[in-house]
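Everything on this sheet refers to the single structure shown next.
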Amino acid sequence: MQVKFVFPVFFYCALLSGWAWLTGCSKHEQAIDEARFTTLDIKTFSIDTLRLKVLENETLLTDSLPAPDGAKNIAVQYYDFTHRIRLSDAFSNRLLLDTTIDYKPGFTNTLTFFQPAADANFIWIGPPVNEPQPPAGNFKIAVSYTHAGLPELVKVVVKTKPASTYLATDSFELKKGEFSKYFLTINKADKRPRIEFYRTDGKKELLGQIDEFSYPVTMNPDYNIILIRKHKSKVNEVLGLVPEKLY
Amino acid sequence: MNKLTGLLTVIIFLASYLFSFAQVITLKEKISISLKNTTAAQVVEELDKRSNYTFSYTRDQLEKINIKSFVFDNITLGNALENLQRLANLECNLLGNTIAVKVTPRPVAVASPVNTKPGKLTGVVRNEKNEVMPGVSITVEPVNKGASTSINGDYILSLPPGTYTLHFSFVGYQSRRITDAVVKEDEVTDLSVVLTAATNQMQAVVVTSGARKESTRSLLMAQKNNASMTNGISAEQIRVTPDNNTAQVLKRVSGITVQGDKFVTIRGVSDRYNNVLINGATLPSTEPNRRNFSFDIVPSALLDNVVVNKTATPDLPGEFTGGLVQINTRDVPLTDFLQVSVGTGFNTASSGASLSSFKRDDKAPFGIVDRNRKWFGDGRLMDPLDAYGMIVRNDTAAQRNIGRQVPNRWQYRSYPYTPAQNYQLSGGINKRFGKSSLGFVAAATYLNEQFVEGGKARVSNQFDFDSERYRYNTNIGGLFNTAWKSTRHRISWKNLYNRRYSNQFDLRTGNYFSQGWNPARRTAEITLQNELVQTRLEGEHKFTKANLKLDWFGDYTILDREQPDSRFIAARPADLIPAKEGAYMYNLNDRLLLLGGLYASVLKEKKRNTGFNISLPFKAFRETQLIKVGYSWSERKADFDAGNFRILGNTTYTSSVQGLTYYEIVNQNAFASGDLWYLPASTRANSLGDRYIGKQTLQGSYVMVDLKPFSQLRLTGGARYEDNKMNMSTAFYSLVTGLASFQDTVYHEKDLLPSANIIYSVNDRFNIRVAYSKTLARPDFIERSPTIYYDFTELAEVIGQKGLEVSRIRNYDLRFEYYPSGDEILSASLFYKDFDKPVERFYFIQPTSNLIEYRNLYSASAKGFEVDVRKSLGFINEANPWLQRLYISANYTWLQGNLKAQVTESPFTGKDTSYIDDQKRPIQGLSPYIINGALNYQEKLWGFNVGYNRIGRRIVNGGVIHPLIQYENPRDVVDLQLNVRPFKQKMEIKLNISDILNQPYIIYSNTNKSVDTAPGNNNDPKGDALNESLDLVNYKVKRGTNVSISINYRF
């Protein structure tokens, strides 16, 4: 009786072991990571005239990006948010920028490459680091200027419109080619800030100004960086300056 | 006209062939003969001289056979030959005017070694009415041992290992001599026998047969003697096929085709016109969107036999037209046994590939769905009424709570392909207590299979996709039967459990023309879990000397079918500038369900059946006659609840996640923060979802007579009365209040269903049958409920009709059956079916999705003939044992159908009209022909079976708009099985290769090939046949060849 059932018991044990082994194989699950997609809206603001080459990690995105005022849309797929971006002169291969950039979710990621001075390397205009978030209903702006009509140093006065009239809410000195601190303004299309540029020699001469109607239609809801290098008018020696969105 | 001529030619040829093979016993020529101390050769010579027949024989062989006395005066030549057969162990066959005489090989008992253990021979002896026969005398040659059958008709013989000849005899019956009965050491061999009642002329006849043939013979005898026309497949035949489940087994039965590997079409009549009984109990439909039974849920290992009734008798349920499939699971054994089987296999199209799906359930190998996926249903996370109420109340907190708990399973996963696994364990015990016995049989089965299919999927005006399909199935079955038997009573308790888990993941990419998306990607995952539990108590009692028989039954069946957490998402090319291949975006702001979402349904069905039958046999005209009456009651309750949900989000969130993957976008945190939410999204306007509750009470009673006015004629007939009440309550959850409003419908149908079967036995091997019956097909709950079932994969709404009427069918049958020997059959049948108000699945292409509706048509007819052959090839060379064991079996069915529809809207003017239109096509599911063939060889240690199957073109989705009709293209299927039996035949190793040719499975429409045009006539010179250069191929896939090996060991 006992002997009769030894083999069956052995058989079932082998059977169960085999089953456990085989079903175990199907546990080898692998998550399939799908690619994310975005369009890189690449822009160049430079002093020098160049033809640029852009590498994303080891992938060549373009070797025909013109500067200044170059623009190119390139759709890319990506898995990691962080990318090494290298910008170089397509002819001389001189490396002009080597940085890491985090792509944001969205169909468009704007990459603005800015050359602050002639023969200088480029910098990537990206979101601020360690800059506190603006309160709800506001956004922050930083400015830089390369306009030839403005001196090397200016006094910047920011006027905002909390109610029906514009009031000066901030002021600082700014050097040509440098970026100002972020200042707070109201995030409403009809309440864009007025930014005035004065001489710093004590005469408080108004050199130029940005009115509320000159801004690009689309502004980021959090941080914006604008460049002043052109003017649209000149009235009584006061320049009507054009803000260009770098970020 | 040509077809009719051809048909008649075939019938005449077949009839003449059958008659030409008639038995020698029928030879009426009178002779007298007187020879003593003679030889068989001299007797044959003498008969040759005295008759008008020519004899063919080998003189040398017959000269060696001595006969003491062969003296007969004025007897028929037939009787003389029968006596010669008996005395000289010869076999005489009549072919035309020639009588072939051959020597039957004499079995030799193999001497067994002294130290071997004895084996056992056991079985049940029944008569041709399938009644057990107590007191049958059994003698064993050459050991001269004897026994007799018990009151239950069973016997058991303990013998030394060897090959024996058994002689079964009983007063009034033809004695039966079984050769080649192999007794193996310490092993039990089953040998059940059917004895045939002797006529006056045949009292001295001994019929000789081989032991291996008996199982098949028993089934064929039942088929031969059944009042209705049946076809069947025995455990013996199932064993030599590569089939894993009942659906595959049924493909082997004459006139049966299987759709989608699980639904059965019998005699060309689609699945909804067939019925199924498991152990005599009717079962609920296993499908949520059609009236059907999925035969793949019953593993073949649990089967004892399958019988398909093709004509009705009053004692059978009236609700079948094509056929009634009776699945009989294993009965209790006569002796103890324990058997284990292990199998594995692979599919050539799948092996080496990876399977994709959303996250597979942790316990999928056990057929269990993860608990967190069962979020829909009463009392669950998303209780329909609560969930709909909170939508209406805009209870965002509650909605967020649900959202954060429904799992995010949207990320694709990859799994290595695992070979199929198949395990079976069965055992039985039988204990005798004096004149009674108690037996148990239990079995458990496990099957896990995975498949990968790649192909094309297209619908006119909608899409043209490359299709990948991944399937993962687990099937777990169990059975526990017990029976107590005494002299005149038998009580059985039968229990069946089955759990089937299937997961199908479809990934389709290509041109989504109707949406203007190219390329687009559609992903759908459907998980189904079917759980069937059945318990049945039945009894059989014989009273009085007249053997008044009472049998009764009561059973309870629970079917739970759940489709939990099904998911679907359509992706369009992302709005990137410039466009980027492979970049997709998803809609998160439109209610339109076809853009993606979740679906879940729960179907709970309970069915109770009870009834009894009383049979009263009596003698008249020197024959046993029978009156039978019976009553049955059945109650079925169903509760079906389903919900569709879209995932929607606010604009700020959705614009901030553009370019991300879908599984990143629809993360649980976004639901918890209210950026995303689930929105009930029924395709029906003003409704959040549907539900139905159905109750059906069916009572049936009948009176039936089984009369034999004289020995060759049998009349079976009577009438069955069925009273059916169905209450349907369909609930619609209001878009405004979230509360359910009901549409209730009551149906009450009373039907008198007469039937008659006439069997004329030309001789004991040749029957002619004529049958008439009226049967019906009742719409199922889902067909009568306006509930919408949304088929994500095919983008089709499946909708029932409240006014759907019962189809009533008149069936006419004529059949010729010839049984050359106990395990051989030649049969030919003619049949005609006349449908009143048949029901079809209509298929419509709509601008955004498709529609499948059940509709009554005006009338339909189906006519055809079947030919069924099972024959040993021993007749080619009678001395060749190899050919003796080689059997060819084949069946061919030819069908033609016609369909008429009532047209209520003019196709020309669009105005109301009313006329009956001949659709010039057969009813859905009807194939113009079915061919099944098999070549089977089996000897002691090895065997093989080669099978072939082909079905003609058939409609899978019908309708009255010709270019929308979808056909399944014929394909040739060849299967092969090899088996060997080492270890004293205790082990059996089977190698199965199925679908060797691996021809593509194609669904097509006779419409414009281009998907970007509306369906229209394509002027195909091939007509309805597939023409890939002109027709639209809706679905085309190569499913691969399945190779499997299994090892079976019986302890």
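Within every chain, numbering begins at 1; the chains are lettered A, B, ... in the order of the sequence lines, protein sequences first and strands thereafter.
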Part of B:Tyr417 within contact of chain A (heavy atom distance under 4.5 Å)
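Contact with chain A is absent: no heavy atom of B:Tyr417 under 4.5 Å.
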Identify which part of B:Ser414 has an atom lying under 4.5 Å from any heavy atom of chain A, answering side chain, backbone, both or neither.
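Both backbone and side chain of B:Ser414 come within 4.5 Å of chain A.
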Salt-bridge test for B:Arg360 and A:Glu29: reply yes if a basic N is under 4.0 Å from a carboxylate O, no otherwise.
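Looking at B:Arg360 and A:Glu29, the cut-off is not met.
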Quick one: what part of [X] sits under 4.5 Å from any heavy atom of chain B, side chain, backbone, both or neither?
X	value
A:Tyr78	side chain
A:Tyr79	neither
A:Thr38	backbone
A:Asp33	both

Please give me the minimum heavy-atom distance between [X] and [Y], naming the atom from each residue.
X	Y	result
A:His28	B:Pro416	O-CD, 3.1 Å
B:Thr661	A:Ala35	CG2-O, 3.6 Å
A:Phe37	B:Leu576	CB-CD1, 3.7 Å
B:Ser656	A:Pro105	O-CB, 3.2 Å

If you count every heavy atom of other residues, nucleotides or ligands that lies below 6.0 Å from [X] atom [atom1], does the total exceed 12?
X	atom1	result
A:Arg94	CZ	yes
A:Lys188	NZ	no
B:Ile577	CD1	no
B:Lys431	NZ	no
B:Glu581	CD	no

Gap separating the [atom1] atom of [X] from the [atom2] atom of [Y], nearest 0.5 angstrom:
X	Y	atom1	atom2	answer
A:Tyr103	B:Leu660	OH	CG	14.0 Å
A:Glu34	B:Tyr662	CD	OH	12.0 Å
A:Ile32	B:Ser357	CD1	OG	8.5 Å

